[in-house]
Amino acid sequence: MIKLAIVENDEDERFFMAEAFGACDGFEIVGEFGNGDQLMEWLEDMPQQQPQLIVTDLNMPGKNGYDIIAEMRVTRPQVRVIATSTSHMAATREKCLRLGAREFLIKPDVFTDYNAFVTQVYNMVGPELMQN
């Protein structure tokens, strides 16, 4: 099981994302957060619950997805970060990868497509994280 933290400020989006990841046998959700500030506080307070993977939105109040990627690269380089956004701009993807994201994925257009999104994430990082 891959220990996963979800960071998404839109409550509906976070709910559907968590539902899809929770339904997949490959993931254990260890935390859900509304922004990077909440995630970082939790990481400090709960060292025994460190995720292997963080799936984060980019645009949020407080610490955003870019901040999370940059901070994790320095403080917890073993944790993979996948950035998500509705943006289709190549520059957004390139910035995320340059900052240290494992990957950048475009969010599904409809909530029911999160099952395919979860499968994509698992196929992308499952083999490398399941070995750790």
Side-chain angles (χ1 to χ4, degrees):
M1 296 276 271
I2 298 168
K3 293 183 180 198
L4 169 72
I6 298 170
V7 187
E8 169 63 61
N9 65 308
D10 182 289
E11 290 182 27
D12 290 335
E13 194 98 39
R14 189 170 62 240
F15 172 81
F16 286 105
M17 192 181 292
E19 285 285 307
F21 276 109
C24 178
D25 291 336
F27 293 97
E28 174 190 353
I29 299 171
V30 295
E32 296 178 38
F33 309 96
N35 63 35
D37 295 314
Q38 294 172 3
L39 169 70
M40 296 306 173
E41 183 177 319
W42 177 80
L43 288 172
E44 290 299 319
D45 292 346
M46 303 293 287
Q48 72 280 8
Q49 286 289 338
Q50 299 297 294
Q52 295 168 281
L53 174 67
I54 295 170
V55 175
T56 182
D57 185 26
L58 289 178
N59 298 313
M60 298 177 286
K63 284 191 179 183
N64 62 34
Y66 297 115
D67 298 328
I68 291 169
I69 296 165
E71 190 163 333
M72 296 308 291
R73 182 179 187 179
V74 173
T75 63
R76 292 173 177 82
Q78 74 282 6
V79 177
R80 309 300 193 286
V81 180
I82 294 179
T84 65
S85 178
T86 56
S87 172
H88 291 265
M89 294 182 60
T92 302
R93 181 180 192 278
E94 291 167 12
K95 180 177 180 179
C96 290
L97 298 178
R98 191 172 55 253
L99 286 172
R102 168 63 175 78
E103 190 54 77
F104 170 82
L105 298 175
I106 296 168
K107 290 181 188 178
D109 289 331
V110 293
F111 294 134
T112 56
D113 289 345
Y114 265 109
N115 290 336
F117 178 86
V118 167
T119 300
Q120 183 181 12
V121 170
Y122 186 81
N123 290 339
M124 184 178 298
V125 298
E128 66 190 70
L129 291 178
M130 295 301 267
Q131 293 175 6
N132 294 338

Worksheet item: Does atom CG of D25 have more than 12 heavy-atom neighbours, drawn from other residues, nucleotides or ligands, at distances under 6.0 Å?
Response: no
Worksheet item: Hey, is CG on D45 packed in by over 12 heavy atoms from elsewhere, all under 6.0 Å?
Response: yes
Gap separating the [atom1] atom of [X] from the [atom2] atom of [Y], nearest 0.5 angstrom:
X: R102; Y: I54; atom1: CZ; atom2: CD1; result: 14.5 Å
X: E8; Y: F15; atom1: CD; atom2: CZ; result: 14.0 Å
X: M17; Y: T84; atom1: CE; atom2: OG1; result: 4.5 Å
X: M1; Y: I29; atom1: CE; atom2: CD1; result: 9.5 Å
X: N59; Y: Y66; atom1: CG; atom2: OH; result: 6.0 Å
X: T92; Y: F104; atom1: OG1; atom2: CZ; result: 5.5 Å

Do [X] and [Y] come close enough that some side-chain heavy atom pair is under 4.5 Å?
X: M46; Y: E41; value: no
X: Q50; Y: L43; value: yes
X: F117; Y: F21; value: yes
X: I82; Y: M124; value: yes

Worksheet entry | Steps toward salt bridge (Lys or Arg N to Asp or Glu O under 4.0 Å) verdict (R14, D57) | CA-CA 10 Å; R14 189 170 62 240; D57 185 26; over 6 Å; no
Discussion item. For E71 and R76: C-alpha separation, side-chain torsions, deciding distance, then whether salt bridge (Lys or Arg N to Asp or Glu O under 4.0 Å) applies.
Written reply: CA-CA 8 Å; E71 190 163 333; R76 292 173 177 82; 5.6 Å; no
Worksheet item: For the residue pair Q38 and G34, what are the closest heavy atoms and their distance?
Response: OE1-N, 2.6 Å
Worksheet, complete the sentence: Per side-chain hydrogen bond (donor to acceptor under 3.5 Å, both in side chains), E103 is matched among R80, Q120, R93 by R93
Response to the item:
Per side-chain hydrogen bond (donor to acceptor under 3.5 Å, both in side chains), Y114 is matched among E19, E13, K107 by E13
Worksheet item: Checking side-chain contact (heavy atoms from CB on, under 4.5 Å) against I69, which of L99, L97, N64 comes through?
Response: L99
